[in-house]
Amino acid sequence: MRNIAIVEDEDQAATVLHRYIERFAADTGQEFCIKRYRDAVQFLSDKKNKHAVVFMDIQMPHRNGMSAAIELRQFDKTVSIVFITNLIQYAQKGYEVDAVAYILKPVQYYDFALKFRKALDVYVMNEKQDLTLNTSEGPCRISTDKLVYVEIVRHRLYYHMVDGVVERTGVLSHVEEELKQFGFLRCNQCYLVNPRFIVSVQGFTVQLGSARLTISRPRKKAFMAELANWYAGMEDRS
């Protein structure tokens, strides 16, 4: 059973969303635990609940939904966000928080069901790569599918995501064991890299997007062999 959040200050609008979620559950044979929050402040204070999908109204008192989504992404990078709004101009800004979809009010069931299904599919895909990191700010949920590389500097670990950096204390060898199942490779004593993001390897430099990292001489042979095995495994799976 997956948790679904409704963050909506209007009772009637929240009731419609709740009814649509129950109808979708009946139509698809799924079960959901639905919780309604009356404003973004209440929602953000409830960090103990792990949600699969959040239906977030944008225009709310105390704090708007866009601002709340930006904070949400600081500690949960896998939840699917669906914005509920009267104004389509917010759509462009939603890319900043990796929103899955927008639904315009008044919400119609067909549009809702289409976008709810998409939000669930995106969450399920991220869930397979899900990893929870304990940071000084509390637990942070990330998708390793969006993790480019991990760096250690003086006992501080920096998880370089496609949309920011998550920082924590730890030991890189422990992270290496944790990320081995996701295909991450060590190129030297300071870095673990996600081969999905490798653009090129030239000499002792590996490029991941705009980042250029050093491959140590002692690790070069093993790194290239592991990378070749990873590519071979990808071809077998395809």
Side-chain angles (χ1 to χ4, degrees), residues 5 7 40-41 43-56 58 63-83 90-102 118-119 121-172 174-176 178-188 190-199 206-214:
V7 188
V41 176
F43 169 69
L44 290 171
S45 66
D46 185 17
K47 293 184 180 180
K48 67 179 183 296
N49 281 320
K50 175 181 175 181
H51 297 102
V53 180
V54 174
F55 291 98
M56 180 83 74
I58 290 182
R63 187 167 188 179
N64 68 57
M66 189 64 67
S67 170
I70 291 172
E71 182 173 336
L72 173 61
R73 279 293 182 233
Q74 293 177 9
F75 61 87
D76 193 336
K77 298 181 182 298
T78 65
V79 62
S80 288
I81 299 173
V82 179
F83 283 118
Y90 285 110
Q92 187 67 32
K93 194 170 179 60
Y95 290 113
E96 297 176 15
V97 293
D98 199 21
V100 173
Y102 278 78
K118 177 183 177 182
D121 287 345
V122 170
Y123 176 76
V124 169
M125 181 177 64
N126 287 334
E127 190 178 32
K128 294 176 182 178
Q129 308 289 333
D130 195 304
L131 189 67
T132 299
L133 307 177
N134 292 317
T135 74
S136 59
E137 304 296 324
C140 178
R141 199 158 52 125
I142 69 169
S143 172
T144 57
D145 208 35
K146 298 179 180 178
L147 175 58
V148 184
Y149 67 97
V150 182
E151 175 185 19
I152 188 164
V153 180
R154 296 176 183 174
H155 306 294
R156 297 293 296 175
L157 293 165
Y158 297 88
Y159 290 71
H160 294 264
M161 312 291 298
V162 295
D163 55 354
V165 179
V166 178
E167 181 182 347
R168 63 181 289 216
T169 58
V171 180
L172 194 62
H174 295 168
V175 180
E176 184 176 15
E178 190 173 36
L179 294 179
K180 188 179 294 183
Q181 61 178 311
F182 302 111
F184 281 70
L185 309 175
R186 185 192 280 262
C187 64
N188 65 30
C190 301
Y191 301 115
L192 290 171
V193 302
N194 188 340
R196 293 171 181 81
F197 290 95
I198 292 178
V199 176
V206 55
Q207 184 168 348
L208 299 97
S210 60
R212 293 171 63 84
L213 309 180
T214 300

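Because only heavy atoms are used, hydrogens play no part in the values below, and waters and symmetry mates are left out as well, while side chains stay in. None of these values were measured; they are calculated from a predicted model. One-based numbering along the sequence shown.
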Calculate, to the nearest 0.5 Å, the distance between atoms [atom1] and [atom2] belonging to [X] and [Y] respectively.
X	Y	atom1	atom2	value
R63	I70	CZ	CD1	8.5 Å
S143	Y123	OG	OH	10.5 Å
L213	Y191	CG	OH	5.5 Å
L172	E176	CG	CD	6.5 Å
N64	M56	CG	CE	9.5 Å
I198	L185	CD1	CG	6.0 Å

Atom of [X], atom of [Y] and distance for their closest heavy-atom approach:
X	Y	answer
C187	V206	SG-CG1, 4.3 Å
T135	C140	CG2-CB, 4.1 Å
G170	L157	CA-CD1, 3.5 Å
E178	Q181	O-NE2, 3.4 Å
P195	V193	CD-O, 3.4 Å
V100	K118	O-NZ, 3.3 Å

Report, one line per pair, each donor and acceptor closer than 3.5 Å where one atom sits in a side chain of residues 162-169; sequence neighbours left out.
{"from": "E167", "atom 1": "OE2", "to": "R156", "atom 2": "NE", "distance (Å)": "2.9"}
{"from": "E167", "atom 1": "OE2", "to": "R156", "atom 2": "NH2", "distance (Å)": "3.0"}
{"from": "R168", "atom 1": "NH1", "to": "Y159", "atom 2": "OH", "distance (Å)": "3.0"}

Would you call [X] and [Y] a side-chain contact if the rule is heavy atoms closer than 4.5 Å?
X	Y	value
V79	R73	yes
L72	Q74	no
N194	L179	no

Residue pairs involving residues 132-152 (criterion salt bridge (Lys or Arg N to Asp or Glu O under 4.0 Å); sequence neighbours excluded): D76-R141, D98-K146, D130-R141, D145-R196
Who passes ring pair (Phe, Tyr, Trp, His ring centres under 6.0 Å) against F43, sequence neighbours left out? Y37, H51
So L192 and F182, side chain to side chain contact (heavy atoms under 4.5 Å, CB included) or not? Walk me through it. CA-CA 11 Å; L192 290 171; F182 302 111; over 6 Å; no
Indicate the ring-plane relationship of Y102 and F83, choosing parallel, tilted or perpendicular according to the 30° and 60° boundaries. tilted
